[in-house]
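These notes concern the structure reproduced below.
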Amino acid sequence: MVKMTFIGHSCFLLDNGKHKILIDPFIKGNPVAKTTDAVKKPDFILISHGHGDHLGDAIEIARASDAMVISNNEIATYCGTKGVKRFHPLHIGGGNKFDFGSLKLTIAHHGSSLGDNYQYGGSPAGFIIRIDGKIIYHAGDTGLFLDMKLIGELDKIDVALLPIGGNFTMDVGDAVKAVEFLHPQKAIPMHYNTFDLVAADPREFINKIKSLGVEGIILKPGETYELN
Ligand code: NI
Ligand code: MN
């Protein structure tokens, strides 16, 4: 069983009882984040791209916990220059096995830059995470793209975590189309209602994907979904 706790925005903590995986840990400065002590002690931290609302507190948490940072080559290496001891670079279309299962980076159509000087952050990414026989797709920040059909064809996705807030990413309408392309078992909306710029109604998303035969789950920050 994998417990999926929504911390807020695009941040999730996955916990299968043996390993804790923290994704896009934007906590400080996140007005909606509901964090827990477990967030401070992950085994792995995944970073989808370089923007502050995704890289977030990753470096600080990794330094304090000795968690392994996994991201694209540019971001993983950048974290290494900032005092993170354990980091693993991957890149788009590539993946590897880790103690929890495996991780592969997918494309995401977005930007990626690091720090105040807008250092190049490599290509933004999404994640295909295999853990305990389940497949979780975290799309990162992205617009809609037709290759989601391929992602859904290559892996039978149990849960898709999809941005719905618009402005920087897909809005509800495009995220519904993404569900049609990916055909996951379940979908959880993210990257909405953190700021006014990404205001969206998750119920509209849930209702629309129901007609595609896909169950939508709305998690409030701090809530956990148990994936069995
Ligand atoms: Ni972004
Ligand atoms: Mn973002």
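Heavy atoms only: backbone and side chains are in, while hydrogens, waters and symmetry mates are out.
- Both L161 and L103 belong to a single network of hydrophobic side chains, linked directly or stepwise wherever heavy atoms of I, L, V, M, F, W or Y lie under 4.5 Å apart.
- Every residue was checked against the salt bridge (charged side-chain N to carboxylate O under 4.0 Å, His left out) condition with K156, not counting sequence neighbours, and none meets it.
- Applying the salt bridge (Lys or Arg N to Asp or Glu O under 4.0 Å) rule to pairs touching residues 209-228 yields K186-E215, sequence neighbours excluded.
- Contact detail for L22 and C11: the closest heavy-atom pair is CD1-SG, 3.8 Å.
- Side-chain contact between L46 and V69 is absent, with no heavy-atom pair separated by less than 4.5 Å.
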Verdict with supporting geometry, K149 and E153, salt bridge (Lys or Arg N to Asp or Glu O under 4.0 Å): CA-CA 6 Å; K149 277 191 179 177; E153 202 179 293; over 6 Å; no
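- Between Q119 and Y78, some side-chain heavy-atom pair lies under the 4.5 Å cut-off.
- Inter-residue side-chain proximity for I27 and I7 is flagged as met; some heavy-atom pair is nearer than 4.5 Å.
- Under the side-chain contact (heavy atoms from CB on, under 4.5 Å) test applied with I23, the options I47, I136, I129 reduce to a single match, I129.
- In this structure the side chain of F100 never reaches within 4.5 angstrom of the side chain of R130, judged on heavy atoms.
- The two residues F26 and D57 come nearest to each other via the heavy atoms C-OD2, 4.1 Å.
- Of all the heavy atoms in D24 and H54, the pair that sits closest is OD2-ND1, 2.8 Å.
- The six-membered or imidazole ring of H88 lies away from that of F44, with a centre-to-centre distance of 6.0 Å or more.
- The minimum heavy-atom distance between P163 and A175, with the atom names listed, is O-CB, 3.7 Å.
- At least one side-chain heavy atom of I131 sits less than 4.5 Å from a side-chain heavy atom of I21.
- Applying the salt bridge (charged side-chain N to carboxylate O under 4.0 Å, His left out) criterion to D201, with sequence neighbours excluded, gives R203.
- Between D171 atom CG and I164 atom CD1 the span is 9.0 Å, to the nearest 0.5 Å.
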Let's go through F145 and I107 carefully: what are the C-alpha distance in whole Å and the side-chain angles of both, what is the deciding distance for side-chain contact (heavy atoms from CB on, under 4.5 Å) to 0.1 Å, and is it a yes or a no? CA-CA 9 Å; F145 54 91; I107 59 167; 3.6 Å; yes
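- For E180, the salt bridge (charged side-chain N to carboxylate O under 4.0 Å, His left out) partners at least two apart in sequence or on another chain are K177.
- Aromatic ring centroids of F127 and Y137 lie 6.0 Å or more apart.
- Both F181 and L162 belong to a common hydrophobic cluster when Ile, Leu, Val, Met, Phe, Trp and Tyr are linked at side-chain heavy-atom distances under 4.5 angstrom.
- Here K134 pairs with nothing under the salt bridge (charged side-chain N to carboxylate O under 4.0 Å, His left out) rule; sequence neighbours left out.
- Residues H191 and S10 come closest through the heavy atom pair CD2-OG, 3.2 Å.
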Please report the C-alpha distance between K40 and S65 in whole Å, then the side-chain angles of each, then the deciding distance to 0.1 Å, and finally whether the side-chain contact (heavy atoms from CB on, under 4.5 Å) criterion is met. CA-CA 7 Å; K40 294 179 195 153; S65 64; over 6 Å; no
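- Residue pairs meeting the salt bridge (Lys or Arg N to Asp or Glu O under 4.0 Å) criterion with at least one member in residues 59-69, sequence neighbours excluded, are K28-E60.
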Walk me through it: do D15 and T5 pass the test side-chain contact (heavy atoms from CB on, under 4.5 Å)? CA-CA 8 Å; D15 187 348; T5 302; over 6 Å; no
